[in-house]
Number of protein chains: 2
Amino acid sequence: MIGNLNDRSRQILQAIIEEYIVTAEPVGSRTLTRRQGVNLSPASVRNVMSDLEEMGFLSSPHTSAGRIPTDRAYRFYVNTLLQVGRVSDDHEEQLRERLPLQGGDASRILRETSRMLSSLSRYAGVVLAPRFTENVLRHLEFVKLGGLRLLAILVTEHGIVHNKLVELQEDISGEELIRMTNYLNSLLQGLPMTEVRRRLIEQMQSDRVAHDALLDRALRLSKQALVETEADLFIEGQATFFNQPEFAEAGRMKELFQAFEEKGQLLQLLDRCLAADGVQIFIGNETNLNPGGMSIITSAYRSGSRKLGVLGIIGPTRMGYARVIPIVDYTARLVSRLLNSGEQQLPAVT
Amino acid sequence: MIGNLNDRSRQILQAIIEEYIVTAEPVGSRTLTRRQGVNLSPASVRNVMSDLEEMGFLSSPHTSAGRIPTDRAYRFYVNTLLQVGRVSDDHEEQLRERLPLQGGDASRILRETSRMLSSLSRYAGVVLAPRFTENVLRHLEFVKLGGLRLLAILVTEHGIVHNKLVELQEDISGEELIRMTNYLNSLLQGLPMTEVRRRLIEQMQSDRVAHDALLDRALRLSKQALVETEADLFIEGQATFFNQPEFAEAGRMKELFQAFEEKGQLLQLLDRCLAADGVQIFIGNETNLNPGGMSIITSAYRSGSRKLGVLGIIGPTRMGYARVIPIVDYTARLVSRLLNSGEQQLPAVT
DNA sequence: GTTTGGCACTCCTGATTCGGGAGTGCTAAC
DNA sequence: GTTAGCACTCCCGAATCAGGAGTGCCAAAC
């Protein structure tokens with residue numbers, strides 16, 4: 001049934017969608033004919049619109065209003081009508097210039113990415129930081145704090161730092177700590193996190209460890225430190241939703257912001273996005289987000305073939321897809337490069 | 001002029017404020033007399049109200065509406081009328097139970113604190129993480145990432161971790177790195193950050209360093225790593241503002257959320273709060289926040305006599321001060337204890 | 001047979017009107 | 001000093017109304 005549209009219907013559907021994206025008002029036949037590119041009488045357009053409505057591409061808020069596109073229409077639009085261009089030179093320049101933050105560690109770059117996504121798209125930007133478990137361990141360090149508290153610091157390949165507090169039952173000397181750290185690093189460095197866990201358990205049963213209480217303790221401590229933490233999620237530009245008339249109603253807006261604060265739904269959705277390749281687009285109800293009427297456009301950033309995380313933008317379903325898709329696409333590529341190589345133009349140190 | 005109020009005026013002012021805090025509607029003389037505790041006729045009340053208005057404690061939105069308290073009234077209320085109780089047992093229990101997060105590092109505890117502040121007060125919670133510069137350095141570590149990138153990790157006394165990326169001009173061996181790290185730690189550990197900088201510069205001019213290129217390099221690297229980062233600020237429960245009728249208007253709400261996203265103003269304000277002792281209250285315009293009509297109640301959390309950061313709540317000026325002040329006060333004490341000693345009930349490790 | 005003009009009808013929207021309610025200030029009586 | 005009474009003000013919500021934009025359908029035109 002989809003795609004079962006002749007040229008004229010497509011043209012009109014496209015015109016309606018694009019008009020609606022700009023005005024946020026139901027589009028009437030008359031309005032449409034005034035648009036450049038539609039050379040038909042209102043009555044003809046009405047016939048086509050009526051068909052489109054029957055096919056589920058349009059709906060009317062009430063009898064004598066214009067039509068608005070359904071989720072299905074947007075889906076069709078994105079899949080077959082839309083032609084995506086390249087990112088504009090200006091946007092490209094801004095991204096290349098502002099993303100490689102001076103002395104920025106990975107989290108700061110990701111947060112700034114979220115800001116940039118928002119400011120360029122004029123919707124909200126989202127960046128899901130690399131899942132801890134999907135990463136390669138670069139370094140493991142224990143730092144003694146006051147009392148019996150020990151801070152475990154884990155650094156992944158791409159400079160993402162995680163830390164976790166563990167409480168000791170009995171004190172440990174500085175030398176023991178160093179020995180532990182050395183042992184663990186030689187054991188675990190360079191392993192993907194998924195491997196790390198396995199290696200720990202394996203090692204616990206080895207002879208060497210059975211005869212060395214300190215090593216045993218080290219393994220148990222690091223197992224503690226590896227408990228998965230909640231994923232970091234940067235959302236910036238939430239306030240852009242105040243510009244969208246479809247969220248003008250206070251109740252909707254409240255729901256929206258509560259969803260943003262809670263993050264659970266969003267994390268789930270972004271996990272789905274992470275699974276797929278290339279630019280992902282979820283439209284309206286496809287997102288399963290609670291206050292409906294939102295779409296999300298994402299792309300994974302990666303290191304070689306391994307996906308690190310996901311970034312993109314969230315806006316109303318009535319969104320400038322053509323404009324935004326290239327931004328997301330380009331940003332994902334750029335961030336991939338930034339996190340991987342030393343492309344950052346940092347002030348060098350001798 | 002302030003305090004120049006007889007008993008009856010005070011009683012009435014208090015009644016008006018408390019009524020307005022609950023209803024968010026201008027309070028009329030008639031309404032007030034129906035309130036328990038006011039045994040006067042509406043006409044008498046009107047006389048008093050008229051006086052209070054002239055003194056700047058009340059204002060009327062228009063001729064025939066009731067009166068609403070001015071900032072000045074709230075200030076008077078907070079200073080002299082209000083009697084602050086203790087935090088409720090239930091709240092105390094919730095805080096003691098949920099704040100010592102399993103394996104939570106300091107930032108997670110602070111974020112959770114912000115959430116708790118919001119959920120108990122039903123306003124927005126804010127927590128300003130310890131300023132880097134106000135802290136004592138516990139440990140300094142360099143981790144080599146891919147290429148010539150080096151990740152500097154700084155841990156403060158209370159387990160706050162900062163990290164910064166620096167780019168090397170020429171490669172460095174693992175051994176050299178260890179030597180560097182050892183040297184720096186022995187030099188800087190235990191020093192307050194303000195001292196650290198001084199010590200670095202002092203050391204750079206010493207004989208020992210002049211004859212050892214590696215040490216020189218180490219000093220320069222750590223100087224880079226010490227560039228101040230923006231302070232972390234956790235705001236949770238922003239959506240509570242949707243429940244406040246005075247922010248119902250979309251324009252105000254938009255301004256509010258933009259201010260929250262931008263954080264600059266808020267940081268400034270919290271810095272002011274950090275300067276003072278005990279529970280700080282800024283009312284309405286005293287906050288200098290952009291969308292007016294907000295108040296903030298804060299208290300510093302500390303380590304011994306040194307203040308680490310500030311936490312509190314932000315709500316509309318029309319806020320349940322009596323209810324909220326004890327929450328903020330207690331939370332600040334609790335967080336101070338949590339960050340300082342090993343009071344956290346973590347699963348122990350042998 | 002597609003396209004189009006015409007027409008009756010629907011429904012939202014914004015402006016206007018209007019009465020009730022709540023509150024005020026003033027005055028005079030207690 | 002306190003209070004009852006009274007005239008007046010102003011907001012607020014409901015009701016009304018006209019205008020505009022849009023629709024569906026039909027019949028004529030191409």
Side-chain angles (χ1 to χ4, degrees), chain A residues 4-13 15-20 22-35 37-70 73 245-246 248-250, chain B residues 4-13 15-20 22-35 37-70 73 245-246 248-250:
Chain A
N4 186 14
L5 289 177
N6 58 32
D7 262 12
R8 202 174 61 185
S9 304
R10 286 169 181 241
Q11 258 177 35
I12 290 183
L13 182 55
I16 293 175
I17 293 175
E18 286 170 0
E19 181 76 15
Y20 185 67
V22 178
T23 62
E25 308 256 294
V27 183
S29 52
R30 185 77 200 287
T31 323
L32 207 59
T33 54
R34 273 197 290 264
R35 232 180 101 106
V38 180
N39 297 318
L40 289 169
S41 74
S44 309
V45 172
R46 277 206 284 282
N47 290 329
V48 177
M49 284 169 108
S50 179
D51 294 348
L52 286 170
E53 180 163 4
E54 204 164 341
M55 284 187 270
F57 290 113
L58 297 177
S59 74
S60 23
H62 58 84
T63 331
S64 69
R67 308 295 214 294
I68 59 177
T70 60
E246 51 266 66
E249 197 215 333
Chain B
N4 187 15
L5 288 177
N6 58 32
D7 261 11
R8 202 173 62 183
S9 304
R10 285 169 181 241
Q11 258 177 33
I12 290 182
L13 182 55
I16 293 175
I17 293 175
E18 286 170 359
E19 181 76 15
Y20 184 67
V22 177
T23 64
E25 308 256 295
V27 183
S29 53
R30 186 75 200 288
T31 323
L32 208 58
T33 54
R34 273 197 290 266
R35 232 180 101 105
V38 179
N39 297 318
L40 288 169
S41 74
S44 307
V45 172
R46 277 206 285 281
N47 289 330
V48 177
M49 284 169 109
S50 180
D51 294 347
L52 287 170
E53 180 163 5
E54 204 164 342
M55 284 187 270
F57 290 112
L58 297 178
S59 74
S60 23
H62 58 84
T63 332
S64 69
R67 308 294 214 296
I68 60 178
T70 59
E246 51 265 67
E249 198 215 332

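Heavy-atom basis, side chains included; hydrogens, waters and symmetry copies ignored. Quick caveat: nothing in here was measured; it's all calculated off a predicted structure. A note on names: the letters A, B, ... follow the listed sequences, proteins ahead of strands, and every chain is numbered from 1.
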Whole angstroms only, please: what is the [atom1]-[atom2] distance between [X] and [N]?
X: B/Leu32; N: C/dG23; atom1: CG; atom2: P; answer: 10 Å
X: B/Leu52; N: C/dT24; atom1: CG; atom2: C1'; answer: 15 Å
X: B/Met49; N: D/dT2; atom1: CE; atom2: C1'; answer: 17 Å
X: A/His62; N: C/dC11; atom1: NE2; atom2: C1'; answer: 6 Å
X: A/Glu54; N: D/dT23; atom1: CD; atom2: P; answer: 16 Å
X: B/Glu19; N: C/dA22; atom1: CD; atom2: C1'; answer: 14 Å
X: A/Glu25; N: D/dG20; atom1: CD; atom2: P; answer: 17 Å
X: B/Asn39; N: D/dT2; atom1: CG; atom2: C1'; answer: 14 Å

Below 4.0 angstrom from OP1 or OP2 of [N], is there any side-chain N or O of [X]?
X: A/Thr31; N: D/dG22; answer: yes
X: A/Arg67; N: D/dT23; answer: yes
X: A/Ser41; N: C/dT4; answer: yes
X: B/Thr63; N: D/dC8; answer: no
X: B/Ser64; N: C/dA22; answer: no

Any donor-acceptor pair under 3.5 Å linking the side chain of [X] with the backbone of [Y]?
X: B/Thr33; Y: B/Pro42; value: no
X: B/Thr31; Y: B/Val27; value: no
X: A/Ser60; Y: A/Arg67; value: no

Query raised in the report: Taking atom CD1 of A/Ile12 and atom CZ of A/Phe57, what is their separation to the nearest 0.5 Å?
Result: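 The distance works out to 13.5 Å.
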Requested in this report: Could you check whether A/Ser29 gets within reach of a base, just the sugar-phosphate, or nothing at all, counting any heavy atom under 4.0 Å?
Outcome: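 Sugar-phosphate, backbone atoms only, no base.
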Query raised in the report: Is it the case that B/Ser44 and B/Asn47 place a side-chain donor and acceptor less than 3.5 Å from each other?
Result: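 No donor-acceptor contact under 3.5 Å links the two side chains.
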Query raised in the report: With nearest nucleotides of DNA chain D determined for A/Arg30 and A/Ala43 from heavy-atom distances, which residue corresponds to the more 5′ nucleotide?
Result: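 Going by which nucleotide is closer to the 5' end, it is A/Arg30.
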Requested in this report: Map B/Pro61 and B/Arg8 onto DNA chain D by nearest heavy atom, then report which one ends up closer to the 5' terminus.
Outcome: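 The 5'-side residue here is B/Arg8.
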Query raised in the report: Counting side-chain heavy atoms from C-beta on, which of D/dT3, C/dT3, D/dG5 comes nearest to B/Arg46?
Result: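 The closest nucleotide is D/dG5.
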